Amino acid sequence: MKRLLAIVFLLMGVSGFSQESALSATAVEKVTSLIDLFENENRDGIAKRVVYPLKRDYPLPDITTEFEFVSKFEQLFSPEFSAKISHSVIEEYTDMGWRGIMFDLGRMWINEEGNITKVYDQTEAEKKIRESLINADKKNLHKSVRKYFEPYAVIKVGDDIWRIDRKNAQVMRLTQWIGGKSMTEAPDAILEGTEDIQGTIRSRVLYFLDKRTKGTITILMDDLESNVPNQVSITIKDSAENETKLVGKSDN
């Protein structure tokens, strides 16, 4: 679901272009060499042309090394998609500005150096692995919160756990365990909210309402001002509009 949403958001930006943007001479050379690697089925060579970590559909772990990329190549690229890349021509690649170079309506993204930055081609093998991880995850949750559409993130805020799940296509769920409790224990709070994708950089912002206290929680998942990887910024407002600022560490 998250991968599908990401493609939709990217294509919303694509629709703003009235015509395709031609690649620079350098990009043409780099992209052509990448196509050749696929044509020759040179997985080791392709692995050297990837920007790591290569994100996968949560809760699948990111791919962080060339060795890992090669070993999981068939999870990332179906035979059909590999063949499509290997038989592609340069006119099928579009320069989308800061987003990078787009192939096959956003199925794969490449930077100006001709290196792969994103792959949105979930194979059947990867789907099964993801489903297995989700099923295992549910078994480690308290029974009151095992039902959800898909997991979104787990955030550590000090000794507390803030877990976010997509309850359905429109509703996000925030579950909190306070004071070092584990997710197998009964949660201390369960809130519902929404996700907002903001700006051209597609920043993820989550809004939750505490119906009991009438307070709100805003979670900035992509804190561009932070130099700490995966740091999130949290703003809590009570019913009198008094603010409390927190930071957390997300696994997504």
Side-chain angles (χ1 to χ4, degrees), residues 1-3 5-6 9 52-64 118 130 133-134 136-252:
M1 177 68 179
K2 181 181 174 185
R3 186 169 299 204
L5 289 173
F9 292 138
Y52 299 100
L54 184 66
K55 292 195 71 65
R56 302 168 79 198
D57 208 357
Y58 187 81
L60 291 165
D62 297 344
I63 291 178
T64 58
K118 299 182 184 72
R130 183 172 184 264
L133 289 173
I134 291 174
D137 172 62
K138 288 182 176 180
K139 292 178 181 178
N140 291 319
L141 282 176
H142 188 265
K143 61 182 180 181
S144 64
V145 289
R146 285 180 186 165
K147 188 175 182 180
Y148 57 77
F149 182 63
E150 66 175 4
Y152 188 89
V154 174
I155 303 171
K156 287 287 290 181
V157 184
D159 292 330
D160 304 337
I161 297 174
W162 294 29
R163 179 191 171 100
I164 302 168
D165 297 296
R166 199 180 293 278
K167 189 174 180 180
N168 56 47
Q170 289 80 36
V171 179
M172 308 298 289
R173 183 182 71 193
L174 170 62
T175 308
Q176 296 172 315
W177 289 267
I178 307 302
K181 291 172 66 174
S182 75
M183 290 189 286
T184 60
E185 299 178 82
D188 294 285
I190 302 175
L191 285 67
E192 292 188 355
T194 58
E195 178 188 36
D196 185 24
I197 306 297
Q198 297 185 349
T200 58
I201 58 175
R202 319 309 302 175
S203 294
R204 299 169 296 162
V205 184
L206 306 176
Y207 301 98
F208 296 96
L209 172 66
D210 189 329
K211 294 180 180 179
R212 181 177 55 86
T213 66
K214 306 302 181 184
T216 61
I217 297 176
T218 302
I219 304 176
L220 179 59
M221 294 295 296
D222 306 300
D223 188 352
L224 301 179
E225 296 182 358
S226 172
N227 295 320
V228 180
N230 299 321
Q231 180 170 294
V232 301
S233 297
I234 301 167
T235 302
I236 303 174
K237 283 187 179 181
D238 62 21
S239 57
E241 295 291 310
N242 297 310
E243 285 192 2
T244 301
K245 299 283 189 178
L246 300 174
V247 293
K249 183 78 176 289
S250 172
D251 64 352
N252 185 28

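The figures here come from the full heavy-atom set of this structure, side chains too, leaving out hydrogens, waters and symmetry mates. Please read all numbers here as calculations on a predicted model, not as lab measurements.
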For the side chain of [X] and the backbone of [Y], is there at least one donor-acceptor N/O pair under 3.5 Å apart?
{"X": "K55", "Y": "K118", "value": "no"}
{"X": "R173", "Y": "D165", "value": "no"}
{"X": "D210", "Y": "T216", "value": "no"}
{"X": "N168", "Y": "Q170", "value": "yes"}
{"X": "D62", "Y": "T64", "value": "no"}
{"X": "D222", "Y": "R204", "value": "yes"}

[X] to [Y] - nearest heavy-atom pair and separation:
{"X": "L141", "Y": "W177", "result": "CD2-CH2, 4.2 Å"}
{"X": "L246", "Y": "I236", "result": "CD1-CD1, 3.6 Å"}
{"X": "Q176", "Y": "I217", "result": "NE2-CD1, 4.0 Å"}
{"X": "T175", "Y": "P187", "result": "CG2-CB, 3.4 Å"}
{"X": "P229", "Y": "K249", "result": "O-CE, 2.9 Å"}
{"X": "K139", "Y": "R146", "result": "O-NH2, 4.0 Å"}

Spacing of [X] atom [atom1] and [Y] atom [atom2] [to the nearest 0.5 Å]:
{"X": "N230", "Y": "S250", "atom1": "CG", "atom2": "OG", "result": "6.0 Å"}
{"X": "L191", "Y": "R212", "atom1": "CG", "atom2": "CZ", "result": "8.5 Å"}
{"X": "F208", "Y": "L206", "atom1": "CZ", "atom2": "CG", "result": "5.0 Å"}
{"X": "K181", "Y": "I161", "atom1": "NZ", "atom2": "CD1", "result": "10.5 Å"}
{"X": "D238", "Y": "T244", "atom1": "CG", "atom2": "OG1", "result": "7.0 Å"}
{"X": "T194", "Y": "E192", "atom1": "OG1", "atom2": "CD", "result": "11.0 Å"}

Contact check, side chains of [X] and [Y], non-hydrogen atoms, under 4.5 Å:
{"X": "I164", "Y": "I219", "result": "yes"}
{"X": "S239", "Y": "T213", "result": "no"}
{"X": "R56", "Y": "P61", "result": "yes"}

### Query
Quick one: do E195 and R166 make a salt bridge, cutoff under 4.0 Å?
yes
### Task
Check whether NZ of the Lys or CZ of the Arg K167 lies under 6.0 Å from the centre of the six-membered ring of Y152 and within 45 degrees of that ring's axis.
no
### Query
Is there a donor-acceptor contact under 3.5 Å linking the side chains of D251 and Y58?
yes
### Message
My understanding is that only residues two or more places apart in sequence, or in another chain, count here; which of them pass side chain to side chain donor-acceptor pair (under 3.5 Å) with Y207?
### Response
Q198
### Task
Assess whether atom NZ of K138 is packed by more than 12 heavy atoms of other residues, nucleotides or ligands within 6.0 Å.
yes
### Query
Taking atom NZ of K147 as the centre, does the number of heavy atoms from other residues, nucleotides or ligands within less than 6.0 Å exceed 12?
no
### Task
Test H142 against T184 for side chain to side chain contact (heavy atoms under 4.5 Å, CB included), laying out the working first.
CA-CA 4 Å; H142 188 265; T184 60; 5.9 Å; no
